[in-house]
Amino acid sequence: MTDKEDMSKQDENTIIAERRAKLKELRELGEAFPNQFKPGDFARDLHASYGKLEKGALEEKAILVTVAGRMMLKRVMGKASFATLQDTTGRIQLYVARDNINSEKTPELYAQFKKWDLGDILGAKGKLFKTNTGELTLEVNEIILLTKSLRPLPEKFHGLSDQEIKYRQRYVDLIVNEETRDTFKKRSKILSCIREYMLQHQFLEVETPMLHPIPGGASAKPFMTHHNALDMDMYLRIAPELYLKRLVVGGFDRVFEINRNFRNEGLSVRHNPEFTMMEFYAAYTDYEWLMDFTEKCIQKVAEETTGSKKVTYQGKEIDFSKKFDRLTLVQAILKYSDKFTEHELLDSDFLRAAIKKLGDDVNASAGLGSLQLSLFELVAEEHLWQPTFIVDYPIEVSPLARASSTNSDITERFELFIAGREIANGFSELNDAEDQAKRFKAQVAAKEAGDEEAMYFDADFIRALEYGMPPTGGCGIGIDRLVMLVTDSPSIRDVIFFPHMRPE
RNA sequence: GGGGUGUUAGCUCAGCUGGUAGAGCACCGGACUUUUAAUCCGUUGGUCGCGCGUUCGAUCCGCGCACACCCUACCA
């Protein structure tokens, strides 16, 4: 026996043993896992079509249906029982009476049914009717056990609330918690809503490598791996940016990619080592265009997936109906802290002292731009609850963005904040190959000086830019965080099916 | 990485100044042909996260470890 098999035996208990015994009995009786039963109806459709019909009218129609699903509740009352079946769309009640299901062929079927357990997967055929309390119910005349469940489900009323088990055994969470199912259905809807929006605007969906010889497109620590046949180290991508811009060079003017990024950094309620990002690039646009486009995209997603332009996140309203606020980095600092003057925010020594005073460490090599950004993160970021674009990011912290035409210290870049978090980041792309080469060199120097997250020099990317990339706007939207907002989820782990955990 | 809280039956949770454990649901047996968290009666189920220590005696006190959650740091 391997260690793993040994582990799976450890949490065996008497309930599981009893169910294994029942399965053994089923095997002896015949086929224990039949697969010929085909359901033709879904719970949600039945409620939608017949839920409002009067008891008498429904019986007159004599509607025969076939359903399948997991038995979630069971009430045996002697010679008749009620059971609640859950399929992928919802729940439907079954009325199982001995005299309706026992036949010459299956004289003991009702006795068997009484032994079936919560969690078992059943198929049933019968006629729809309404009980005395008005619940739409299937009067069963054929019933079959399709899959025996060996493990007991969590308690029927309180459900599963242990966060750890919800994450580690998402399948159980999905079986018993409707909110969990809703969250992931909404996630899927958000993605199709975004795709629809992008396709409507002539964007082409593309896929670029996840394995990168040089990690690029963001400032982050990468995961490393190794390709055996090529005998070369590779990195899981931290961003698709440099590949997508190569496609713009190639003449695909509007592209987008929705896929995973991997960053070898800390975990938190807002950070998972792999997370989903949409990046999109549009030639002949700039960051102003991107802001309008992103705003409309997020408004559409919020409205179409929640039915409202106002969303409640963790008890506080987010209003997507108004035009999103726009503030420069410096304006945002001034707005949320009255301790500084505009003049002081241009003084590196002053900023250094102010950041220290707020209890944060200051990197000795940080210039004015990154000092301003640090102060912004300390005093303003958490207050940006309503959707707000922050613009005029320092060039020092934006090595891939085009410099402002009027101020060479800042870039044509924005970040979108909602509920105090960064949701999107976009800019007019730097398409001057020589300038980009210079900026990469500065990054390499920073890396050599000990900045682990500084970028590498990507010579092929420079070569691509040397062929000429049209003026382009590019933006990334953090999909998991957007899903968190729309589903009112406090943790990123609530919107990722299988979040990373330490081994059990 | 730092701090806080937690880990008791399959699930949800009690457990007094330290005297080796309880409830509800689930399960098993019984009654019940319109229930719906069905109800009623009777059972079963535990290395109290792991290890060491203090003690006559530890679920409880101390130390260490593991895992989780929250805050914080890096970051999107």
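Here the structure is a predicted model, which is why all the values come from computation and not from measurement.
One can place CD of A/E279 at 12 Å from P of B/A76, the figure rounded to the nearest angstrom. Spacing between atom CD1 of A/I496 and atom C1' of B/A76 amounts to 11 Å, rounded to whole angstrom units. Rounded to an integer number of Å, the gap from CE of A/M71 to C1' of B/A37 is 16 Å. In this entry the distance linking CG of A/D117 with C1' of B/G10 reads 12 Å, nearest Å. The interatomic distance linking A/F414 (CZ) with B/A76 (P) rounds to 15 Å, in whole Å. Taking atom CZ of A/F262 as the reference point, atom P of B/A76 lies 17 Å away to the nearest angstrom. Residue A/R170 contributes atom CZ, which lies 15 Å from atom P of B/A68 at whole-angstrom precision. For A/H158 and B/G24, the NE2 to P distance is 13 Å, given to the nearest whole Å.
At a threshold of 4.0 angstrom between heavy atoms, the contacts of A/V176 with the nucleic acid are absent. Nucleic acid contact class of A/R91 (heavy atoms, under 4.0 Å, all strands): none. Across all strands, A/L267 comes closer than 4.0 Å to base atoms (heavy-atom distances). Among the atoms of the strands shown, base atoms are found under 4.0 Å from some heavy atom of A/F129. Contact annotation for A/L73: backbone-only contact, meaning every heavy-atom pair under 4.0 Å involves sugar-phosphate atoms and none involves a base. A/E453 comes within contact range of the sugar-phosphate backbone alone, with a heavy-atom separation under 4.0 Å but no base atom that close. Using a 4.0 Å heavy-atom criterion, one finds that A/N272 contacts the bases of the nucleic acid, with or without backbone contacts as well. At a threshold of 4.0 angstrom between heavy atoms, the contacts of A/G159 are confined to the sugar-phosphate backbone, with no base atom among them. Nucleic acid contact for A/G266: base, since at least one base atom lies under 4.0 Å from a heavy atom of the residue. Here A/M501 lies in heavy-atom contact (under 4.0 Å) with sugar-phosphate atoms only.
Side-chain atoms of A/T131 come within donor-acceptor range of the base of B/U35, with a qualifying N/O pair under 3.5 Å. Scanning atom types as modelled, no donor and acceptor separated by under 3.5 angstrom connect the side chain of A/E164 and the base of B/U7.
When distances run from any side-chain atom of A/P154 to the nucleotides B/C69, B/A68, B/C11, the shortest one goes to B/C11. Between B/G45, B/C74, B/G10, one nucleotide has an atom nearer to the side chain of A/I15 than all others, and that is B/G10. Here the nucleotide nearest the side chain of A/P152, chosen from B/G10, B/U12, B/C74, is B/G10.
Dashed line: the shortest gap from a side-chain N or O of A/R493 to OP1 or OP2 of B/C69 is under 4.0 Å. Of the side-chain N and O atoms in A/K156, one or more sit less than 4.0 angstrom from OP1 or OP2 of B/A26. Dashed line: the shortest gap from a side-chain N or O of A/S161 to OP1 or OP2 of B/U12 is under 4.0 Å. Between A/R75 and B/A38 there is a side-chain N or O to OP1 or OP2 distance below 4.0 Å. Side-chain nitrogen and oxygen atoms of A/R502 include at least one within less than 4.0 Å of the OP1 or OP2 phosphate oxygen of B/A68. The phosphate of B/A68 (OP1 or OP2) has a side-chain N or O of A/R168 nearer than 4.0 angstrom. Taking side-chain N and O atoms only, A/K22 has a distance below 4.0 Å to OP1 or OP2 of B/C28.
Using atom P as the reference point in both B/C16 and B/A73, the two lie 37 Å apart (nearest Å).
A/F82 does not qualify as a stacking partner of the B/A38 base, lacking a centre-to-centre distance under 5.5 Å together with planes within 30°.
Proximity of the aromatic rings of A/Y287 and A/F427 is defined here by a centroid distance below 6.0 angstrom, and this criterion is not met. Ring-centre distance between A/F376 and A/F417: below the 6.0 Å cut-off. With ring centers used as reference points, A/F82 lies under 6.0 Å from A/Y95. Aromatic rings from A/F203 and A/F293 are positioned such that their centres are separated by under 6.0 Å.
For residues 135-164 of chain A, no pair satisfies ring pair (Phe, Tyr, Trp, His ring centres under 6.0 Å), with sequence neighbours left out.
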Output side-chain donor-acceptor pairs under 3.5 Å for residues 52-65 of chain A, partner residues at least two apart or in another chain, one line each.
from	atom 1	to	atom 2	distance (Å)
A/K55	NZ	A/K130	O	2.6

